[in-house]
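One structure below.
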Amino acid sequence: MKIIMLGAPGAGKGTQAKKIASKYGIPHISTGDIFRANIKAGTELGKKAKSYMDQGLLVPDELTCDLVVDRISQPDAANGYVLDGFPRTIPQAECLTDALKNLGGQVDYAIDVDVPDENIVNRMSGRRACLKCGATYHIVFAAPKSEGICDVCGEKLVLRDDDRPETVLNRLKVYHDQTQPLIDYYSKAGVLKTVDGTRSLDEVFSEIVGILGE
Ligand code: ADP
Ligand code: AMP
(Lines give C-alpha, C1' and ligand atoms only; values in the text may rest on other atoms or scores of the structure.)
(Ligands and ions follow the chains in the order given, each with its own letter.)
Protein backbone atom coordinates (compact mmCIF):
# COMPACT_ATOMS: atom_id res chain seq x y z
CA MET A 1 0.00 0.00 0.00
CA LYS A 2 1.63 3.24 -1.16
CA ILE A 3 0.10 6.23 0.54
CA ILE A 4 0.92 9.93 0.39
CA MET A 5 -0.34 12.50 2.87
CA LEU A 6 -1.46 15.89 1.57
CA GLY A 7 -2.54 18.90 3.59
CA ALA A 8 -1.34 22.23 4.94
CA PRO A 9 1.60 22.38 7.34
CA GLY A 10 0.19 21.50 10.76
CA ALA A 11 -2.90 19.76 9.37
CA GLY A 12 -1.97 16.53 11.13
CA LYS A 13 -0.21 14.60 8.34
CA GLY A 14 2.63 13.40 10.56
CA THR A 15 0.29 12.46 13.42
CA GLN A 16 -1.88 10.32 11.12
CA ALA A 17 1.05 8.95 9.09
CA LYS A 18 2.61 7.50 12.25
CA LYS A 19 -0.68 5.80 13.17
CA ILE A 20 -1.07 4.42 9.63
CA ALA A 21 2.52 3.11 9.63
CA SER A 22 1.97 1.36 12.93
CA LYS A 23 -1.42 -0.18 12.03
CA TYR A 24 -0.47 -1.39 8.55
CA GLY A 25 3.17 -2.29 9.29
CA ILE A 26 4.71 -0.03 6.64
CA PRO A 27 7.47 2.59 7.05
CA HIS A 28 6.64 6.23 7.72
CA ILE A 29 8.84 8.37 5.49
CA SER A 30 8.87 12.07 6.37
CA THR A 31 11.09 14.36 4.32
CA GLY A 32 10.88 16.98 7.10
CA ASP A 33 12.23 14.40 9.60
CA ILE A 34 15.00 13.41 7.16
CA PHE A 35 16.04 17.07 6.77
CA ARG A 36 15.90 17.69 10.54
CA ALA A 37 18.05 14.60 11.19
CA ASN A 38 20.57 15.93 8.65
CA ILE A 39 20.58 19.36 10.31
CA LYS A 40 21.19 17.73 13.70
CA ALA A 41 24.02 15.63 12.27
CA GLY A 42 25.55 18.71 10.58
CA THR A 43 25.65 17.17 7.07
CA GLU A 44 26.03 19.20 3.88
CA LEU A 45 22.40 18.38 2.99
CA GLY A 46 21.32 19.58 6.44
CA LYS A 47 23.19 22.88 6.04
CA LYS A 48 21.59 23.53 2.67
CA ALA A 49 18.09 22.50 3.82
CA LYS A 50 18.19 24.63 6.99
CA SER A 51 18.57 27.90 5.11
CA TYR A 52 15.27 27.24 3.32
CA MET A 53 13.40 25.67 6.21
CA ASP A 54 14.10 28.54 8.62
CA GLN A 55 12.45 30.94 6.19
CA GLY A 56 9.42 28.69 5.70
CA LEU A 57 10.48 28.00 2.11
CA LEU A 58 10.65 24.64 0.37
CA VAL A 59 13.97 22.89 -0.06
CA PRO A 60 14.70 22.79 -3.83
CA ASP A 61 13.19 19.85 -5.74
CA GLU A 62 16.56 18.55 -6.92
CA LEU A 63 17.71 18.04 -3.32
CA THR A 64 14.46 16.36 -2.34
CA CYS A 65 13.47 14.01 -5.18
CA ASP A 66 16.63 11.86 -5.29
CA LEU A 67 16.50 11.46 -1.54
CA VAL A 68 12.95 10.09 -1.65
CA VAL A 69 13.53 7.88 -4.69
CA ASP A 70 16.51 6.35 -2.92
CA ARG A 71 14.50 5.83 0.29
CA ILE A 72 11.51 4.14 -1.38
CA SER A 73 13.87 1.78 -3.20
CA GLN A 74 15.08 0.31 0.12
CA PRO A 75 13.99 -3.26 0.99
CA ASP A 76 11.75 -2.21 3.91
CA ALA A 77 9.63 -0.16 1.47
CA ALA A 78 8.92 -3.10 -0.82
CA ASN A 79 5.41 -3.64 0.58
CA GLY A 80 4.50 0.02 0.66
CA TYR A 81 4.98 3.11 2.80
CA VAL A 82 3.34 6.28 3.91
CA LEU A 83 5.02 9.41 2.55
CA ASP A 84 4.55 12.45 4.77
CA GLY A 85 5.51 15.88 3.43
CA PHE A 86 6.40 14.62 -0.04
CA PRO A 87 5.49 15.46 -2.75
CA ARG A 88 5.03 19.17 -2.09
CA THR A 89 5.28 20.53 -5.66
CA ILE A 90 4.07 19.38 -9.08
CA PRO A 91 7.67 18.57 -10.23
CA GLN A 92 8.08 16.39 -7.10
CA ALA A 93 4.81 14.59 -7.87
CA GLU A 94 5.98 14.00 -11.44
CA CYS A 95 9.32 12.72 -10.15
CA LEU A 96 7.47 10.28 -7.86
CA THR A 97 5.12 9.12 -10.64
CA ASP A 98 8.12 8.45 -12.92
CA ALA A 99 10.09 6.65 -10.21
CA LEU A 100 7.09 4.47 -9.37
CA LYS A 101 6.62 3.62 -13.03
CA ASN A 102 10.24 2.41 -13.12
CA LEU A 103 9.76 0.43 -9.90
CA GLY A 104 6.47 -0.97 -11.29
CA GLY A 105 3.84 0.68 -9.15
CA GLN A 106 1.74 3.74 -8.43
CA VAL A 107 0.36 5.76 -5.54
CA ASP A 108 -2.67 3.90 -4.17
CA TYR A 109 -4.07 6.63 -1.91
CA ALA A 110 -3.44 10.37 -1.64
CA ILE A 111 -5.04 11.35 1.66
CA ASP A 112 -5.74 15.06 1.96
CA VAL A 113 -6.10 16.11 5.61
CA ASP A 114 -8.27 19.16 5.20
CA VAL A 115 -7.93 21.93 7.82
CA PRO A 116 -8.75 25.62 7.21
CA ASP A 117 -5.97 28.20 7.62
CA GLU A 118 -7.57 29.72 10.73
CA ASN A 119 -6.93 26.48 12.71
CA ILE A 120 -3.36 26.09 11.51
CA VAL A 121 -1.57 28.81 13.49
CA ASN A 122 -2.96 27.37 16.77
CA ARG A 123 -1.97 23.86 15.81
CA MET A 124 1.57 24.89 14.99
CA SER A 125 2.24 27.29 17.86
CA GLY A 126 1.16 24.47 20.22
CA ARG A 127 3.20 21.76 18.49
CA ARG A 128 6.19 20.46 20.44
CA ALA A 129 8.70 18.22 18.73
CA CYS A 130 11.28 15.74 19.84
CA LEU A 131 14.29 16.26 17.61
CA LYS A 132 15.82 12.98 18.82
CA CYS A 133 13.10 10.43 17.93
CA GLY A 134 10.71 12.50 15.79
CA ALA A 135 7.67 12.24 18.11
CA THR A 136 5.31 15.21 18.05
CA TYR A 137 2.92 16.54 20.67
CA HIS A 138 0.50 19.41 21.12
CA ILE A 139 0.41 21.31 24.40
CA VAL A 140 -3.42 21.08 24.48
CA PHE A 141 -4.58 18.36 22.04
CA ALA A 142 -1.86 15.73 22.49
CA ALA A 143 0.12 16.66 25.59
CA PRO A 144 3.11 14.59 26.74
CA LYS A 145 2.73 12.79 30.09
CA SER A 146 5.38 15.03 31.65
CA GLU A 147 5.44 18.66 30.47
CA GLY A 148 8.23 19.40 27.98
CA ILE A 149 9.63 15.82 27.96
CA CYS A 150 9.26 13.22 25.19
CA ASP A 151 7.19 10.19 26.32
CA VAL A 152 9.12 7.93 23.95
CA CYS A 153 12.78 8.78 24.60
CA GLY A 154 12.92 11.31 27.46
CA GLU A 155 14.46 14.10 25.34
CA LYS A 156 13.51 17.75 25.99
CA LEU A 157 10.73 18.90 23.62
CA VAL A 158 11.15 22.06 21.53
CA LEU A 159 9.07 24.52 19.52
CA ARG A 160 10.48 24.06 16.02
CA ASP A 161 12.11 27.22 14.62
CA ASP A 162 9.76 27.06 11.64
CA ASP A 163 6.65 26.80 13.87
CA ARG A 164 6.95 30.41 15.07
CA PRO A 165 3.88 32.38 13.95
CA GLU A 166 5.79 34.67 11.55
CA THR A 167 7.22 31.63 9.69
CA VAL A 168 3.92 29.74 9.77
CA LEU A 169 2.27 32.47 7.68
CA ASN A 170 5.02 32.07 5.05
CA ARG A 171 4.62 28.32 5.07
CA LEU A 172 0.87 28.64 4.54
CA LYS A 173 1.44 30.90 1.54
CA VAL A 174 3.97 28.44 0.11
CA TYR A 175 1.44 25.64 0.70
CA HIS A 176 -1.31 27.43 -1.22
CA ASP A 177 1.00 28.43 -4.08
CA GLN A 178 3.01 25.24 -4.55
CA THR A 179 1.43 22.27 -2.76
CA GLN A 180 -2.35 22.75 -3.06
CA PRO A 181 -2.24 22.11 -6.85
CA LEU A 182 -1.38 18.50 -5.97
CA ILE A 183 -4.97 18.00 -4.84
CA ASP A 184 -6.05 18.42 -8.44
CA TYR A 185 -3.12 16.29 -9.70
CA TYR A 186 -4.09 13.31 -7.52
CA SER A 187 -7.79 13.84 -8.06
CA LYS A 188 -7.17 13.45 -11.81
CA ALA A 189 -5.11 10.33 -11.06
CA GLY A 190 -8.23 8.95 -9.30
CA VAL A 191 -6.57 8.32 -5.92
CA LEU A 192 -7.54 11.41 -3.89
CA LYS A 193 -9.37 10.87 -0.58
CA THR A 194 -10.24 13.90 1.55
CA VAL A 195 -10.69 13.63 5.32
CA ASP A 196 -11.95 16.29 7.73
CA GLY A 197 -8.80 17.20 9.69
CA THR A 198 -10.62 19.51 12.12
CA ARG A 199 -11.98 16.54 14.10
CA SER A 200 -10.11 14.84 16.97
CA LEU A 201 -6.98 12.76 16.29
CA ASP A 202 -8.89 9.50 16.79
CA GLU A 203 -11.86 10.56 14.65
CA VAL A 204 -9.56 11.54 11.79
CA PHE A 205 -7.79 8.18 12.08
CA SER A 206 -11.11 6.26 12.03
CA GLU A 207 -12.04 8.06 8.83
CA ILE A 208 -8.70 7.06 7.30
CA VAL A 209 -9.10 3.42 8.37
CA GLY A 210 -12.55 3.52 6.74
CA ILE A 211 -10.79 4.41 3.48
CA LEU A 212 -7.81 2.04 3.73
CA GLY A 213 -9.73 -0.89 5.20
CA GLU A 214 -9.32 -2.74 8.52
P1 ADP B 1 1.82 18.10 9.95
O2 ADP B 1 2.63 16.81 9.93
O3 ADP B 1 0.70 18.09 8.95
O4 ADP B 1 2.67 19.32 9.84
P5 ADP B 1 1.32 17.38 12.75
O6 ADP B 1 0.84 15.96 12.62
O7 ADP B 1 2.69 17.57 13.30
O8 ADP B 1 1.13 18.18 11.35
O9 ADP B 1 0.24 18.16 13.64
C10 ADP B 1 0.42 19.54 13.96
C11 ADP B 1 0.05 19.79 15.42
O12 ADP B 1 -1.36 19.63 15.59
C13 ADP B 1 0.73 18.80 16.39
O14 ADP B 1 1.04 19.52 17.57
C15 ADP B 1 -0.34 17.75 16.64
O16 ADP B 1 -0.20 17.15 17.92
C17 ADP B 1 -1.64 18.55 16.52
N18 ADP B 1 -2.74 17.77 15.90
C19 ADP B 1 -2.65 16.86 14.89
N20 ADP B 1 -3.87 16.38 14.57
C21 ADP B 1 -4.76 17.01 15.39
C22 ADP B 1 -6.18 16.96 15.56
N23 ADP B 1 -6.94 16.16 14.79
N24 ADP B 1 -6.73 17.76 16.49
C25 ADP B 1 -5.96 18.57 17.25
N26 ADP B 1 -4.62 18.68 17.16
C27 ADP B 1 -4.02 17.91 16.24
P1 AMP C 1 7.53 19.25 7.65
O2 AMP C 1 8.25 18.53 8.74
O3 AMP C 1 6.89 18.30 6.66
O4 AMP C 1 6.58 20.29 8.17
O5 AMP C 1 8.65 20.03 6.80
C6 AMP C 1 9.42 21.06 7.38
C7 AMP C 1 10.16 21.83 6.30
O8 AMP C 1 11.06 20.95 5.59
C9 AMP C 1 9.29 22.43 5.19
O10 AMP C 1 8.74 23.69 5.55
C11 AMP C 1 10.32 22.56 4.05
O12 AMP C 1 11.19 23.66 4.23
C13 AMP C 1 11.14 21.29 4.22
N14 AMP C 1 10.55 20.17 3.44
C15 AMP C 1 10.00 19.02 3.92
N16 AMP C 1 9.56 18.24 2.92
C17 AMP C 1 9.84 18.92 1.76
C18 AMP C 1 9.61 18.66 0.38
N19 AMP C 1 8.98 17.55 -0.04
N20 AMP C 1 10.02 19.59 -0.52
C21 AMP C 1 10.64 20.71 -0.12
N22 AMP C 1 10.86 21.02 1.14
C23 AMP C 1 10.47 20.15 2.11
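Not measured: the values here are computed from a predicted model. Positions are given from 1, in the same order as the sequence printed here. Start at 1 and go down the list; that is how both ligands and their atoms are numbered.
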Exercise. In terms of hydrophobic clusters joined by side-chain contacts under 4.5 Å, are Val59 and Met5 together?
Worked result: no
Exercise. Just distances here: any N/O of Gln16 and N/O of ligand 1 closer than 3.5 Å?
Worked result: no
Problem set entry | Contact (N/O only, under 3.5 Å) between Ala142 and ligand 1 | no
For this session: Could you check atom 14 (O) of ligand 1 against the protein and tell me its nearest heavy-atom contact, residue, atom and distance included?
Result: Tyr137 O, 2.7 Å
Seminar exercise, completed: closest protein heavy atom to atom 2 (O) of ligand 1 is Gly14 N, 2.8 Å
Exercise. Within the structure, does Gly12 bring an N/O atom to less than 3.5 angstrom of an N/O atom in ligand 1?
Worked result: yes
Problem set entry | Within reach of ligand 1, part of Arg199 (heavy-atom separation under 4.0 Å) | backbone
For this session: List every atom of ligand 1 that sits less than 4.0 Å from any heavy atom of Ser200, numbering the atoms from 1 in the order shown and giving each element.
Result: 23 (N)
Exercise. Do you know the tightest heavy-atom contact between Leu67 and Leu63?
Worked result: CB-O, 3.8 Å
Exercise. Do you reckon Phe86 sits in the same ILVMFWY cluster as Ile39, going by side-chain contacts under 4.5 Å, direct or chained?
Worked result: yes
Seminar exercise, completed: Across all chains, not counting sequence neighbours, the side-chain contact (heavy atoms from CB on, under 4.5 Å) partners of Ala142 are His138, Leu201
Problem set entry | Side-chain touch Asn122/Val140, heavy atoms, less than 4.5 angstrom | no
Seminar exercise, completed: One finds that the ligand 1 atoms under 4.0 Å from a non-hydrogen atom of Ala8 are 3 (O)
Problem set entry | Heavy atoms of other groups near Glu166 CD, more than 12 under 6.0 Å | yes
For this session: Would you kindly confirm whether Ile208 and Ile29 end up in one hydrophobic cluster when ILVMFWY residues are joined by side chain heavy atoms under 4.5 Å apart?
Result: no
Exercise. Who's the nearest protein heavy-atom neighbour of atom 21 (C) of ligand 1, and how far?
Worked result: Leu201 CD1, 3.4 Å
Exercise. Is the number of heavy atoms from other residues, nucleotides or ligands within 6.0 Å of CG (Asn170) greater than 12?
Worked result: yes
For this session: Return yes or no for this condition: an N or O of Gly126 is under 3.5 Å from an N or O of ligand 1.
Result: no
Problem set entry | By side-chain contact (heavy atoms from CB on, under 4.5 Å) - contacts of Lys23 (at least two apart) | Phe205, Val209, Glu214
Problem set entry | ligand 1 N/O within reach of Arg127 N/O, cut-off under 3.5 Å | yes
Exercise. Among protein heavy atoms, which sits nearest to atom 12 (O) of ligand 1, and what does the distance come to when rounded to 0.1 Å?
Worked result: Arg123 CD, 3.1 Å
Exercise. Which protein residues have a heavy atom closer than 4.0 Å to any atom of ligand 2, listed by chain and number?
Worked result: Thr31, Gly32, Phe35, Arg36, Met53, Leu57, Leu58, Val59, Thr64, Gly85, Phe86, Arg88, Gln92, Arg160, Asp162, Arg171
For this session: Among all protein heavy atoms, pick the one closest to atom 16 (O) of ligand 1 and tell me residue, atom and distance.
Result: His138 CB, 3.3 Å
Problem set entry | Any pair counted as ring pair (Phe, Tyr, Trp, His ring centres under 6.0 Å), so long as it reaches residues 27-60, sequence neighbours left out | none
Seminar exercise, completed: For Phe141, the ligand 1 atoms with a heavy-atom partner under 4.0 Å come out as 25 (C), 26 (N)
For this session: Using only heavy-atom distances, determine whether the side chains of Thr194 and Asp114 contain a donor-acceptor pair under 3.5 Å.
Result: no
Problem set entry | Ala17, portion touching ligand 1 at heavy-atom distance under 4.0 Å | neither
For this session: Flag the pair Arg128 and Asp163 as a salt bridge only when some basic side-chain nitrogen lies within less than 4.0 angstrom of an acidic carboxylate oxygen.
Result: no
For this session: Work out whether the distance between some heavy atom of Gly7 and some atom of ligand 1 is less than 4.0 Å.
Result: no
Exercise. Would you say the side-chain atoms of Ser187 pair up with the backbone N or O of Leu192, donor to acceptor, closer than 3.5 Å?
Worked result: no
Exercise. Is the shortest side-chain N to carboxylate O distance from Asp108 to Lys193 below 4.0 Å?
Worked result: no
Exercise. Of all the non-hydrogen atoms in the protein, which one sits nearest to atom 15 (C) of ligand 1, and at what distance?
Worked result: Thr15 OG1, 3.8 Å
For this session: For atom 4 (O) of ligand 1, find the nearest protein heavy atom and state the residue, atom name and distance (0.1 Å precision).
Result: Gly10 N, 2.8 Å
